[in-house]
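Notes for the one structure printed next.
Keep in mind that the numbers below use all heavy atoms, side chains included, and drop hydrogens, waters and symmetry copies. In this chain, residues are counted from 1 in sequence order.
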Amino acid sequence: MRVRILKPAKTAMQSGRAGIDEWRIEPERATPRTPESLMGWVSADDTLSELCGRLRFHTPEEAASFARRNGWEYVVEIPAERNVRPRNYLDNFRIIRPEDEERKFSGK
């Protein structure tokens with residue numbers, strides 16, 4: 001079985017960065033999802049799809065060793081680092097904002 005080891009992004013409902021420092025294992029789907037003929041619900045034949053979001057680890061090394069112990073092929077997806085520029089609250093009320101100054105000098 002093939003799995004992905006990843007660090008999930010925060011949801012749109014989160015404003016802070018708490019609780020996103022864990023790594024997860026998500027298995028790839030073995031069979032496509034198909035709608036049921038009677039109710040119209042989407043179903044899958046593989047029960048390993050129930051593992052999505054349930055296997056949590058502190059580090060990617062722990063997740064990789066868990067995958068190796070179970071004989072799974074895995075791919076580690078490293079997230080991109082977030083670049084946060086420090087801003088001053090007073091800059092919101094300046095006549096010329098710092099972002100406008102940067103655009104003016106960069107030629108855009």
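- Smallest separation of non-hydrogen atoms from Val3 and Pro27: CG1-CA, 3.8 Å.
- Distance check, rounded to the nearest 0.5 Å: CZ of Arg4 to CD of Glu26 gives 5.0 Å.
- Considering Trp72, Phe57, Tyr74 as possible partners of Ile5, the one that fulfils the side-chain contact (heavy atoms from CB on, under 4.5 Å) test is Tyr74.
- Across Gly40 and Pro35, no two heavy atoms sit closer than the pair O-CB, 4.3 Å.
- One distance of note links CZ of Arg24 with CG of Leu55; it measures 10.0 Å at 0.5 Å rounding.
- Atoms CG and NZ, from Asp21 and Lys7 in turn, are 6.5 Å apart once rounded to the nearest 0.5 Å.
- Residues Phe66 and Val76 are members of one and the same hydrophobic cluster, defined by side-chain heavy-atom contacts under 4.5 angstrom among Ile, Leu, Val, Met, Phe, Trp and Tyr.
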